[in-house]
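Working notes, beginning with the structure itself.
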Amino acid sequence: MKRYVDAGPARPAARMYLDLGCATVRAGRSSIRTIAAAAMAVIATFGIASVGSADAQGITTDVPARIEMYAIPSLTLSDRQFLSGDDGGKPVTVVGELRVAQGSGRLPVVVLMHGSGGVGANIAAWSRTFNAMGVSTFVIDGFTGRGITTTSTNQAQLGRLNFIMDIYHALDVLAKHPRVDPERIVLMGFSRGGQAALYASLERFHKRWNTSGLQFAAYIPFYPDCATTYLADTDVVARPIRIFHGGPDDYNPVATCKAFVERLTAAGRDVTLTEYPDSPHGFDLGLLGANMLAVATKAQTVRNCRIKEGDGGMLMNAETGQPFTYQDACVEFDPHVGGNPATAEAARRAVTDFLRALFKLS
């Protein structure tokens, strides 16, 4: 099922992106530390333990009651190892940040998976949105523990399916947490993380790699790459999949996701793709006021590649019939990125409305 949404255009601001992007990320991380430090200081000083007490002290609901950091044992695998079920990869420890929302008892959680640029400012914006709803967030950092800052200009640094491994291991942590409702955990990801959030729904991947005993209640990929066809990829878990994408996205074109959604729909799966006009890759940066369009210089895109899983888990270039690499002629550079406040807000409303119904929130 596809939906189309009208909204205002993004204002071009070429040559701003790299400086603005770096500043935005720094500001986002700084704001996380500032908010966390302030909240923890007040809680420690006044013994705040409930939303009522927090409100009495004037703390806004988008500030978590508690922040916890977790080491997540995972593996670094090649995509072929992941697809063939070979667990002989390199052990690695990635990090997860749990922001426990104000409230009591077991709370719903949204797991957030970043894209090729690492944990960025859009993650902070979504965390505040969900915390304000009384929903905790668990942010996975799949890069730092692997010594990676960004993969944008060199995607070969890390197999794309590693994020799915990290996501499943995050469920191991959440399954044991006394403040987490195991029946109300949703996965949301962006770009490379959106691709992981989409394909983490495959039954075969769950059966091989998810040892937590939990299932996500829903999957929410934002502007994912859908250029790869995996074996049995329409055999997804019986949970809703809600994809949000931009019509003019030339980093991960929406057309490949439309094709995948058509196959999923034909297979009777609960999937919806919402397409926004005038919304470049990363359009939800508009939640932070970014209204811009710029070139992501030297960033790699597989927008013209068609990749399929072959024998033994080998990813093949469908055009050449050879194993796919990032040196293939179909790999291009310099896609556009940006933000659109109007469509970002529309997506925020759509996601929060969906979660309120799914989580049965008042």
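Quick note: residue numbers are just sequence positions, from 1. Every value quoted in this text rests on a predicted model; they were computed, and no experiment measured them.
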Q. If you measure from CG on Leu187 to CD1 on Ile220, what distance do you get to the nearest 0.5 Å?
A. 8.5 Å
Q. Taking only residues two or more places apart in sequence or in another chain, which ones pass salt bridge (charged side-chain N to carboxylate O under 4.0 Å, His left out) with Arg239?
A. none
Q) Once you round to the nearest 0.5 Å, how far does CG of Asp79 lie from OH of Tyr230? A) 6.0 Å
Q.
Just so I know, are the side chains of Val236 and Ile241 near enough to count as touching, which here means a heavy-atom distance under 4.5 Å?
A. yes
Q.
Less than 3.5 Å apart, any donor N or O on the side chain of Ser191 or His281 sitting next to an acceptor on the other?
A. yes
Q | Asp86/Arg80 salt bridge by N-O under 4.0 Å criterion | A | no
Q.
Suppose we call two aromatic rings close when their centres sit under 6.0 Å apart. Are Tyr276 and Phe283 close by that rule?
A. yes
(Q) Please determine whether salt bridge (Lys or Arg N to Asp or Glu O under 4.0 Å) holds for the pair Asp353 and Arg348, giving the CA-CA distance in whole Å, both sets of side-chain angles, and the decisive distance to 0.1 Å. (A) CA-CA 8 Å; Asp353 287 349; Arg348 188 196 66 79; over 6 Å; no
Q.
To check you understand the geometry: which heavy-atom pair defines the closest contact between Thr61 and Gln102, and what is its length?
A. CA-NE2, 3.7 Å
Q.
Would Arg192 pass as a cation-pi partner of Phe163, given that its NZ or CZ must be under 6.0 Å from the six-membered ring centre and within 45 degrees of the axis?
A. yes
Q) Is there a donor in the side chain of Asp284 and an acceptor in the side chain of Tyr223, or the other way round, less than 3.5 Å apart? A) yes
Q: Could you walk me through whether Arg349 and Glu345 pass salt bridge (Lys or Arg N to Asp or Glu O under 4.0 Å), step by step?
A: CA-CA 6 Å; Arg349 289 195 304 268; Glu345 175 58 22; 3.6 Å; yes
(Q) Could you check whether atom CG of Asp311 has more than 12 heavy atoms from other residues, nucleotides or ligands sitting under 6.0 Å from it? (A) no
(Q) Ignoring hydrogens, what is the shortest heavy-atom contact between Asn304 and Cys330? Give both atom names and the distance. (A) O-CB, 3.7 Å
Q: Identify the heavy atoms of Gly313 and Leu83 that sit nearest to each other, and give their distance.
A: O-CD1, 3.4 Å
Q) How close do Ser116 and Phe143 get, heavy atom to heavy atom, and via which atoms? A) O-CE1, 3.3 Å
**Q.** Whether over 12 other heavy atoms sit under 6.0 Å from Glu319 CD
**A.** no
Q) Under 4.0 Å between a Lys/Arg side-chain N and an Asp/Glu carboxylate O for Lys360 and Glu183? A) no
Q) Would Arg99 and Asp62 pass as an ion pair if we require N to O under 4.0 Å? A) no
Q: Anything under 30° is parallel, anything over 60° is perpendicular, the rest tilted; go ahead and classify Tyr168 against His206.
A: tilted
Q: Evaluate the criterion side-chain hydrogen bond (donor to acceptor under 3.5 Å, both in side chains) for residue pair His169 and Asp172; output intermediate values, then yes/no.
A: CA-CA 5 Å; His169 283 300; Asp172 291 333; 3.1 Å; yes
